[in-house]
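Per chain, numbering begins at 1; letters A, B, ... match sequence-line order. Bear in mind the structure is a predicted one, so any value in this text is a computation, not a measurement.
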Protein chains: 2
Amino acid sequence: MKETKQEIIDAAISVLNADISAPLDFIAAKAGVSRRTLHRYFSSREELLGACAQDMMLTWQKAMLVAYNSTRDPIEQLEQMLYAGIDCGVKYAFLNKLRDHVDQELLQAVPDKQYEQARDKWFRRVPGLQRKGIISRALPAPWIKALFTGMITTTIEALRSGDVAPNKIKELAWHSFSKSIGIGHQQG
Amino acid sequence: MKETKQEIIDAAISVLNADISAPLDFIAAKAGVSRRTLHRYFSSREELLGACAQDMMLTWQKAMLVAYNSTRDPIEQLEQMLYAGIDCGVKYAFLNKLRDHVDQELLQAVPDKQYEQARDKWFRRVPGLQRKGIISRALPAPWIKALFTGMITTTIEALRSGDVAPNKIKELAWHSFSKSIGIGHQQG
DNA sequence: GACAAATGTCACAATGTTGTGACATTTTAA
DNA sequence: TTAAAATGTCACAACATTGTGACATTTGTC
């Protein structure tokens, strides 16, 4: 059986993702636990928020590193990183929101530098790949980064809506994302 | 000078988009108005939420219809609809969230059918365009729809982050979106 | 079963949020 | 200028949320 503390964190991420100000009652209910128990693990809302942020970052970071190290081919690295991002699921969408609401001190403990390491390492290669014509030269690097994170949230949203078959969705996501940044084109 | 009521709605959409449970004080402050005045226009939080939903839907609907009617070419229609979606800005991202929080009765008054009219009219043509090879046949229609809304939020997020030049962003969005659904490919 | 750890239930104070009334002040339009 | 409309300020009650203590109940382990 899972640790209660982790279950509360997971519930919190899920609930707070929909409503960052949701009462602790909702989070406790989602975790199948009384509010009193929640408070035994997290003395305050602020502390819970911080734990969520830390949990998310570690999850994300680990997944990205595994993906990045799974191959030497940059295109395959990107594909694996996209899949890893999708697998992180709803947790990912929550990440940006938290930055506005969590006391920054609570995030200091997290190895923030490492967290972005894998993805950023990859994105520093973008100009080189563009020179080789592998990625469209028409697209600025920050836009490519935006498309990457955007495709993850798009995919998660599509999954949540239930309109797209789940077993095909990663394939679709990579297909569309790779095309959107010009992979597979011959552009001299 | 703008109507106070509309200013409050705009402020509410902006604030609630970041935090659906944000106190009315924040909304009033954003609107440059006292909380008491806010309550003179909206007797309850619920009523304000409903007004936001209605306002958004009408804005979105009008923009889509204008875009749709601006040309007969389906590809150009799609391009214009994407631009219209981006122009609706932060308002759009709010729309889905509201569906979970607003009493559905308050949305009944809105011509919901019409709201989706233009976009849905377009998306019903997708199979035909796929048969002609204009859009990739590998992509299910719901996924294309997800990509459309996803590209809008991606673009808005990129704008908000400040990492991508605003004057080029619509162009980038259309470039990447059209590629992501297979427009411009020769696929037999 | 017996014991310890974890959890639940209830009560409670402190604080935050909402919605309203009364009245002062400012803005608008004639 | 003046009267009406709009807004601001303050006070207030009702309600929601948070965090904690005291004690009962359940769960896991020997």
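When rounded to the nearest whole Å, the span between CD1 of B:Ile27 and P of C:dT17 equals 12 Å. Straight-line distance from the CD atom of B:Glu3 to the C1' atom of C:dT28: 13 Å, rounded to whole Å. Distance CZ (B:Arg45) to C1' (D:dA16): 12 Å, rounded to an integer number of Å. Note: CG (B:Leu24) to C1' (D:dC15) measures 14 Å, nearest angstrom. When rounded to the nearest whole Å, the span between CD of A:Glu46 and C1' of D:dT17 equals 15 Å. Following rounding to the nearest Å, B:Asp25 (CG) and C:dG16 (C1') show an atom-to-atom distance of 9 Å. Distance CZ (A:Phe26) to P (D:dT17): 6 Å, rounded to an integer number of Å. Rounding to whole angstrom units, CZ of residue B:Phe42 and P of D:dT7 are separated by 12 Å.
Between B:Thr4 and D:dA6, a side-chain N or O to OP1/OP2 separation shorter than 4.0 Å is absent.
Listed by chain and residue number, B:Tyr68 satisfy the side chain to side chain donor-acceptor pair (under 3.5 Å) test with B:Arg125 (two or more places apart in sequence, or in another chain). For the salt bridge (charged side-chain N to carboxylate O under 4.0 Å, His left out) test, residues two or more places apart in sequence or in another chain that qualify with A:Arg35 are A:Asp25. Every salt bridge (charged side-chain N to carboxylate O under 4.0 Å, His left out) that B:Asp55 has, sequence neighbours left out, goes to B:Lys91. For A:Lys170, the salt bridge (charged side-chain N to carboxylate O under 4.0 Å, His left out) partners are A:Asp87, not counting sequence neighbours.
A salt bridge (Lys or Arg N to Asp or Glu O under 4.0 Å) check over residues 56-84 of chain B, counting only residues at least two apart or in different chains, returns nothing.
Taken together through direct or relayed side-chain contacts under 4.5 Å among Ile, Leu, Val, Met, Phe, Trp and Tyr, A:Val66 and A:Ile86 form parts of separate hydrophobic clusters.
Distance from the side chain of A:Tyr41 is smallest for C:dA6 among the nucleotides D:dT18, C:dA6, C:dT18.
Residues of residues 31-40 of chain A that place a heavy atom closer than 4.0 Å to DNA chain D, in numerical order, are A:Arg35, A:Arg36, A:His39, A:Arg40.
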